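Structure record follows, encoded as structure tokens.
Quick caveat, the model's predicted, so the values are computed rather than measured. Numbers here are sequence positions counted from 1.
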Amino acid sequence: MTILTSSEVSGTEDQRYNESDNITKRNDDANGGNLPSHLIALDVDGTLVDHDGMMSDAVRAAARQSVAAGHQVIIATGRSLGALLPVVKQIGLERGFGVASNGGVTVRLDPSLEWGYEVIERETFDPRLALTALRERLPGARYAVEDAHGNFLATERFQDRSFGIEAKGVDFQHLLDVEAVRVVVNSTDSSTAEFAAAIAACGLQGVTYSVGWTAWLDIAAAGVSKATALEKLRSRLGVQQSHTVAVGDGNNDIEMLTWAARGVAMGQANDAVRAAANETTASVYDDGAAHVLRSLL
């Protein structure tokens, strides 16, 4: 079951056109009207930051220049909201939008707001069936759920930097009754291949999921991905589909790369991710994202 909880700001239609006009005006001011404004969707881990969580000076500078040039830069990440916000700050993005939890949460950024942002959409689901099936195959795994209020509940003191906040420890049974935005499963006693095989054997239904580089699984509501959230924002902002760009490296970026007019895979991405993209840039350790961003300036 998929439950959509939305808190769209009032006057959405009027605001959409105002936002589009403002983007065009900022772009004309910055570039003398020579370049079209693009919607640029950027993954975080493995794209903007390396696997140690570090963003290079070159990537930071290119991202900041893209924001200043009037492009609609949108961070689209599997990270939860609390872990998205520091990245937004690093690239100097004060106004615009962000996509967290693999499309499960969309925020509007505005420095005039109390916290500098507001959640405009959360897509939630009932995790009971998925969690029960996974527990049967992976009894020793660690489980965490992001709830509809942005809290994290986890078993066995499961904590990860992608949560963005400290998880509250609960027993597994408690997770079954939570209205979930994101479910995370991690196995410390299975190889990546063994973990992937166990996930496939579960036959998960009614959810969207992606397996990470290690024994890691992210689950969202059925039909929800970074791409679905980005398409809503593209329509809201009035950006032409031909002016969409996406850069990513993981399996959870495949839909986003396929959605974009120009989908760019990072150099270290696997074959499936590369196949979904139009082109491949350098790896995260060679500032691949910066190369793409500079090509739009």
Side-chain angles (χ1 to χ4, degrees), residues 1-8 44-45 76-85 98-107 115 117-190 195 198-212 214-226 228-229 232 250-252:
M1 176 176 65
T2 301
I3 306 170
L4 176 63
T5 58
S6 175
S7 58
E8 291 283 357
V44 176
D45 296 287
T77 179
R79 293 185 179 194
S80 296
L81 177 58
L84 162 72
L85 295 174
V99 173
S101 301
N102 286 318
V105 175
T106 301
V107 296
W115 300 103
Y117 70 90
E118 65 176 343
V119 176
I120 60 172
E121 190 168 58
R122 277 193 175 98
E123 299 208 50
T124 65
F125 65 104
D126 182 349
R128 177 179 288 270
L129 292 178
L131 285 170
T132 301
L134 289 164
R135 184 75 162 186
E136 290 179 0
R137 294 280 180 175
L138 298 163
R142 304 183 297 173
Y143 296 83
V145 174
E146 176 186 349
D147 71 15
H149 305 288
N151 304 308
F152 254 96
L153 309 174
T155 64
E156 301 179 25
R157 298 185 180 181
F158 183 18
Q159 184 67 47
D160 186 78
R161 69 185 180 194
S162 75
F163 298 172
I165 58 174
E166 184 175 354
K168 176 184 177 182
V170 299
D171 61 45
F172 179 80
Q173 291 300 316
H174 184 87
L175 299 180
L176 302 181
D177 297 320
V178 175
E179 184 182 353
V181 169
R182 177 188 179 200
V183 171
V184 178
V185 184
N186 176 238
S187 177
T188 57
D189 56 7
S190 302
F195 183 76
I199 300 304
C202 287
L204 297 178
Q205 300 292 325
V207 294
T208 301
Y209 68 92
S210 60
V211 179
T214 58
W216 182 279
L217 174 71
D218 260 302
I219 303 176
V224 172
S225 68
K226 295 180 182 183
T228 59
K232 291 178 182 179
N251 292 330
N252 62 334

Original post:
Looking at Arg122 and Ala148, what are the two nearest heavy atoms and their distance?
Top reply: CD-O, 3.2 Å

**OP:** Would you check if there is a donor-acceptor pair between the side chains of Thr155 and Arg135 at a distance under 3.5 Å?
**Re:** no

Original post:
Where do Thr124 and Ala221 come nearest, in terms of heavy atoms and distance?
Top reply: O-CB, 4.0 Å

**OP:** Start with the C-alpha distance between Val178 and Val170, add both sets of side-chain angles, then the distance that settles side-chain contact (heavy atoms from CB on, under 4.5 Å), and finish with yes or no.
**Re:** CA-CA 11 Å; Val178 175; Val170 299; over 6 Å; no

**OP:** Step by step, work out the side-chain contact (heavy atoms from CB on, under 4.5 Å) result for Leu204 and Leu129.
**Re:** CA-CA 8 Å; Leu204 297 178; Leu129 292 178; over 6 Å; no

Original post:
If you round to the nearest 0.5 Å, how far is CG of Leu176 from CZ of Arg128?
Top reply: 4.5 Å

Original post:
OG/Ser210 to CD1/Ile199 distance, rounded to the nearest 0.5 angstrom?
Top reply: 10.5 Å

Original post:
Are Lys232 and Glu123 within salt-bridge range, i.e. N to O under 4.0 Å?
Top reply: yes

Subject >> Pair Ser187, Asp189: side-chain N/O donor-acceptor within cut-off below 3.5 Å >> reply: yes

Subject >> Heavy-atom closest contact (Ala144 atom, Phe163 atom, distance) >> reply: CB-CZ, 3.7 Å

**OP:** State, with a plain yes or no, whether a side-chain heavy atom of Val183 is found less than 4.5 Å away from one of Val185.
**Re:** yes

Subject >> Reported OH-to-CD1 distance for the pair Tyr143 and Ile219, which is rounded to 0.5 angstrom >> reply: 9.0 Å

Original post:
Between Leu175 and Leu153, is any pair of side-chain heavy atoms under 4.5 Å apart?
Top reply: yes

**OP:** Measure the SG-CD distance between Cys202 and Glu136 for me, rounded to the nearest 0.5 Å.
**Re:** 8.0 Å

Original post:
Closest approach of Asp147 and Val181, non-hydrogen atoms and distance?
Top reply: O-CG2, 3.7 Å

**OP:** Of all the heavy-atom pairs spanning Phe152 and Ile165, show the shortest one and how long it is.
**Re:** N-CD1, 3.7 Å

**OP:** May I ask you to test the Leu217-Asn186 pair for a side-chain heavy-atom distance under 4.5 Å?
**Re:** no

**OP:** Drop me the distance from Asp171's CG to Glu156's CD, to the nearest 0.5 angstrom.
**Re:** 11.5 Å

Original post:
Between Phe158 and Trp216, how do the two ring planes meet: parallel, tilted or perpendicular, split at 30° and 60°?
Top reply: perpendicular

Original post:
Where the side chain of Thr228 meets the backbone of Ser225, is there a donor-acceptor pair that is under 3.5 Å apart?
Top reply: yes

Original post:
Rounded to the nearest 0.5 Å, how far does CZ of Phe125 lie from OG1 of Thr208?
Top reply: 9.0 Å

Original post:
Hey, which of Asn102, Asp45, Thr77, Asp218 is the one that makes side-chain hydrogen bond (donor to acceptor under 3.5 Å, both in side chains) with Asn252?
Top reply: Asn102

Original post:
Which atoms form the tightest heavy-atom contact between Ser80 and Glu146, and what is the distance?
Top reply: OG-OE1, 2.8 Å

Original post:
Considering only heavy atoms from C-beta outward, does the side chain of Tyr117 approach that of Leu81 to under 4.5 Å?
Top reply: yes

